[in-house]
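Whatever order the structure lists ligands and atoms in, that order sets their numbers, starting from 1.
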Amino acid sequence: MIEKTNLDEIQNYLVDSSNLKGTCEKVLIPENLTELVNIIKHCYLNDIPYTISGGGTGLVGGRVPFDGVLISTEKLNGILDFDPQNQFVVVEPGVVRKDLDEFLESKGFFLPPNPTETNSFIGGNLACNSSGSRTFKYGTMRDYVLALDVVLPDGETVSLQRSEVERVRNSHFSYYLPSGKTIEFVIPALPYVNSSKNTAGYYLHKGMHFLDLFIGSEGTLGTIVKAKLKVERLPEKVIGFIIFFKELASALDFITKTKGIIKAETENGKNKAYISPRLIEYFDRNSLLLVSDDYPQIPKNVECAIWVEQECSNNDEEEILLSLWLEHISKFTPFASETWVATQDHEHRRFAEFRHLIPTRVFELVAKSNYHKIGSDVAVNDNVFANYYLRLTKMLENSKLQYFVWGHFGNSHLHLNLIPRNENENRLAQQIYDEHIIDAISLGGTYSAEHGTGKLKRKYLEMMYGKDIVQKMKEIKLKFDPKNLLGRGNLFS
Ligand SMILES: Cc1cc2nc3c(=O)[nH]c(=O)nc-3n(C[C@H](O)[C@H](O)[C@H](O)COP(=O)(O)OP(=O)(O)OC[C@H]3O[C@@H](n4cnc5c(N)ncnc54)[C@H](O)[C@@H]3O)c2cc1C
């Protein structure tokens, strides 16, 4: 086991990508599972608070400790098994996402939910129930979990399967641990959340599996030490487009219509093909301006851009789909002829680099600023999204603040990034941030579609679900962690 106490050595572990800064006595880096379990048992017996760390790319301060010890999973990074016939991979929590993606790609497979930040660890992806651009078609990490091994706060390890036996049939959650102890509670009735993505608080639903409780629990109920994940075969071909729009209303209309024609089959000769994107991603004008020196081919005077991708089964289908898409695109924008098209791997990689450069440039601006980035993660129902976003845009334009919006618009999910330049702007940014979250919640949506609550968004958990439900969630946490040692400060104060 590696132990670090020197501040110079541990300071990188005391922050995450939200820039929240914490403190702890030491960082412990177990080199195998036995060491990890021993550390956890030691913490439990000696009442030492501990926080689990993945890659530290979280955006809500989840892995940032404020006391006790930080346990990094970085050395538990083995790909333990891969079964192409049965389409699964078994991994340890410290496997870096990009390493897993490269491994799977070399075997002709992929793990569909793809957080943009590929330096994240698979344990972090599971603890946050992360998603990403392809979630539009494929869902979130939860949809790919077949089994999990979790070390509970007292050091007991449980192996959980997504099987009928381990399904919670009614509202009574009752799990018998190997040690003979039982964890029991009544699943509270959460208010209905009217958006296709939501990671606010614990996942508590009748019909859930026991393992579902740990997915998205942000390191508060147990430490994920092994995961068996379903993987998909790589599609034969993928086509991608980055489309530029002169008007926001046309871009929003394009999204609605593109989703609407998913089922509208079009026949072309003997072949049938229909538009069916696997991702629909949005970038506002300010985001495009931020990377315009790197990409001079972005047309002048554009209002926004949308990136779409679709999978094709063969060359014939690719050809038909290319012309279907270009015809469809031409109905919505005068920049149709300047659409970027990707059909080859290296072109798709360039699109992904373009996508990644936008948040990277924003983080560079934040690093130069005296203020933190104020970043949101809201999602609402498709039916109300266009009006919701138009209202937000008006508010932002009037404010004269420095802002950037991008997001997974296929899921009616956006990230607003505000970077204040002085104290007045900081106050105004906080106000707009609050207002657009309250607006989303009042529409039945969520403040947390994929990033979680961590330490930075706790007040919105209560706003969304109410005091009573949050109290019940806290009581569930205490069933697993009666001494409140694990991931202190995440979700609950
Ligand atoms: C540029 C950028 C783009 C991003 N894009 C996306 C995106 O598209 N979609 C998305 O969902 N997120 C995105 N994120 C957020 C972040 O990458 C994800 O939340 C990611 O899954 C966090 O993983 P991590 O390993 O870095 O976790 P960390 O930040 O280390 O930890 C996150 C939380 O998980 C807990 N945790 C970590 N490992 C374990 C474990 N083994 N057992 C129990 N708890 C654990 C920690 O205690 C903490 O609460 C982005 C972040 C950045 C900086």
Do Glu462 side-chain atoms and Lys467 backbone N/O form a donor-acceptor pair below 3.5 Å? no

Return the set of residues passing ring-ring contact (aromatic ring centres under 6.0 Å, His included) with Phe214 (not counting sequence neighbours), or none when no residue passes. Phe480

Quick one, list the residues around ligand 1 where some non-hydrogen atom comes in under 4.0 Å, by chain and residue number. Ser17, Ile52, Ser53, Gly54, Gly55, Gly56, Thr57, Gly58, Leu59, Gly62, Arg63, Pro93, Pro115, Thr116, Glu117, Ser120, Phe121, Gly123, Gly124, Asn125, Ala127, Cys128, Ser130, Ser131, Gly132, Glu218, Gly219, Gly222, Thr223, Ile224, Pro359, Phe363, His408, Glu450, His451, Asn490

Would Phe354 and Trp340 count as a close aromatic pair, with their ring centres under 6.0 Å? yes

Between Asn114 and Ser133, is a side-chain hydrogen bond (donor to acceptor under 3.5 Å, both in side chains) present by the stated rule, with each step listed? CA-CA 7 Å; Asn114 57 329; Ser133 56; 3.0 Å; yes

For Pro65, the side chain to side chain contact (heavy atoms under 4.5 Å, CB included) test, sequence neighbours excluded, returns Leu14, Cys24, Thr51, Leu70

Residues forming a ring-ring contact (aromatic ring centres under 6.0 Å, His included) with Phe409, sequence neighbours excluded: Tyr282, Phe385, Tyr389

